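First up is the structure itself, then whatever we jot down about it.
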Amino acid sequence: MATRRILTGFRPTGPAHLGHWVGALKQWVPLQDEGYDCHFLVADVQALTTHADNPGLIEWAVRELTLDWIAVGLDPTRPNVHFVLQSGVPELYELSELLAMIASVNEILRNPTIKSEVTQITGVQLSPDEEIGAEELRAAGGKITVGFFRYPVSQVADIELFAPQPPKEGDELLVPVGADQVPHLEYTNVLARRFNRMYGRVFLPCTPKVGEVGRLVGTDGNAKMSKSLDNAIYLGDDAKVVEAKVRGMFTDKTKIRKDDPGHPDTCPVSIYHNAFGDGEAAKRIHEECAGGRRGCVACKKELAAALNGFLDPIRARRKEAERMPIAKYLREGTERAREVGAVTMRAVREAMHLDYKTIFG
Ligand code: TRP
């Protein structure tokens with residue numbers, strides 16, 4: 001029988017927000033019912049690549065994230081659903097180190113996700129065909145660690161540790177992610193194929209899966225909702241906080257009076273109505289806004305109500321999650337990842353001649 005596995009994850013650097021829901025969680029939840037063995041990775045080691053100075057934050061966020069995941073409907077009580085704590089799987093460090101030997105520095109310098117993260121750190125913009133260079137490294141002033149720099153390689157390890165051994169016809173390694181992660185998955189397949197060419201077939205190229213809406217704009221209209229931009233609505237925000245954040249949202253700058261026609265396709269409020277309201281209402285709102293028959297104040301009120309309607313069941317489930325044995329889920333999922341990982345690492349060591357058959361027999 002074919003092996004069908006899912007591996008995906010988040011960095012625990014803060015609680016989950018609506019952007020995580022739209023970009024990733026929304027598609028993870030139904031995949032639990034589609035015959036996959038699902039591994040959801042809490043990437044705490046990857047969080048250290050940018051937050052090594054704040055391990056207490058990561059510790060807190062691991063718990064928050066686990067509760068958020070259960071709150072949105074991931075269900076670690078199912079036999080096919082595993083929550084994996086990255087730092088608890090030494091096989092991941094091991095594979096990451098070995099893969100680093102066949103990864104070139106130039107590939108990292110070109111990686112679009114790394115480039116945009118370096119831009120966030122340094123403020124220096126890079127065009128699509130430019131590589132990270134001396135200027136950016138200088139501007140980073142020591143803030144780019146070696147660990148950060150090689151995290152694309154460790155992300156390849158996160159994924160390929162779950163390659164079925166040996167990979168067979170029909171096996172699948174599905175990685176459902178938000179759009180910003182796609183370059184990492186492309187790189188995963190570059191390295192997986194390179195390894196297989198050099199040492200024999202151990203790895204299975206992964207299948208990326210991006211939801212219909214890969215990313216959600218922030219409340220300020222920035223292309224991406226994120227904690228560092230302070231433009232996020234969190235799954236754990238209470239009703240009052242959501243109302244206040246929605247009231248402060250940016251709308252269409254050209255719509256000054258209530259009866260000016262708006263541009264709902266680019267207005268964050270309208271985009272959220274589409275993502276979280278019911279379809280009929282979103283359509284009506286779109287038409288009224290474009291026709292100058294709707295003011296932003298009313299529109300925001302309706303949005304806050306729609307968001308709170310969406311979040312209410314998540315809040316209720318989160319309360320339940322707080323009484324569930326999350327330590328047990330993390331322990332069991334991590335143990336299970338180690339078992340899978342041990343099998344992969346045996347194949348990797350053998351392929352790279354690290355089992356020293358000629359010496360040890
Ligand atoms: N890079 C992802 C994030 O920033 C987290 C992550 C780590 C991940 N390893 C992964 C995602 C493997 C998908 C597959 O949240």
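Start at 1 and go down the list; that is how both ligands and their atoms are numbered. Being a predicted model, the structure only gives us computed values, none of them experimental.
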Revision key, fill the gap. If you compare T49, D158, T13, L7 by their heavy atoms, the one closest to atom 14 (C) of ligand 1 turns out to be L7
**Study point:** Side chains of D44 and S87, donor plus acceptor under 3.5 Å
**Key:** yes
**Study point:** For atom 4 (O) of ligand 1, closest protein heavy-atom neighbour
**Key:** R11 NE, 3.2 Å
Exercise for review: With heavy atoms only and a cut-off of under 4.0 Å, state how L185 meets ligand 1: side chain, backbone, both or neither.
Suggested key: neither
Check your understanding: Which heavy atom of the protein is the closest neighbour of atom 8 (C) of ligand 1, given with residue, atom name and distance?
Key -> Q155 NE2, 3.4 Å
**Study point:** Q46/L41 under side-chain contact (heavy atoms from CB on, under 4.5 Å): CA gap, chis, key distance, verdict
**Key:** CA-CA 11 Å; Q46 196 177 105; L41 183 72; over 6 Å; no
Review point. Which word best sums up how the rings of W69 and F83 line up, parallel for under 30°, tilted for 30 to 60°, or perpendicular for over 60°?
Key: perpendicular
Exercise for review: Show your reasoning for whether side-chain contact (heavy atoms from CB on, under 4.5 Å) applies to E107 and N111.
Suggested key: CA-CA 6 Å; E107 288 166 335; N111 182 301; over 6 Å; no
Practice item. Could you tell me whether some N/O pair between H184 and ligand 1 is separated by less than 3.5 angstrom? Key: no
Study note, to complete from the structure: Within 4.0 Å of some non-hydrogen atom of V177, the atoms of ligand 1 are 13 (C)
Review point. If you measure only the distance, is there a donor-acceptor pair under 3.5 Å linking the side chains of H286 and N274?
Key: no
**Study point:** R150 side chain to T49 side chain, donor-acceptor N/O pair below 3.5 angstrom
**Key:** no
Point to revise | ligand 1 N/O within reach of T8 N/O, cut-off under 3.5 Å | key: no
Check your understanding: Going by the order shown, which atoms of ligand 1 are within less than 4.0 Å of some heavy atom of A43?
Key -> 7 (C)
Check your understanding: Quick one: does R201's side chain have a donor or acceptor within less than 3.5 Å of a partner on P167's backbone?
Key -> yes
Point to revise | Subset of ligand 1 atoms that lie under 4.0 Å from at least one heavy atom of L41 | key: 9 (N)
Review point. Counting only heavy atoms, which portion of Q181 has something under 4.0 Å from ligand 1: side chain, backbone, both, or neither?
Key: side chain
**Study point:** Worked verdict on H82 versus F40 for ring-ring contact (aromatic ring centres under 6.0 Å, His included)
**Key:** CA-CA 6 Å; H82 316 286; F40 298 112; 9.0 Å; no
Exercise for review: Give the atoms of ligand 1, by number and element, whose distance to some non-hydrogen atom of F10 is under 4.0 Å.
Suggested key: 5 (C), 15 (O)
**Study point:** Structural part of Q46 in contact with ligand 1, heavy atom criterion under 4.0 angstrom
**Key:** side chain
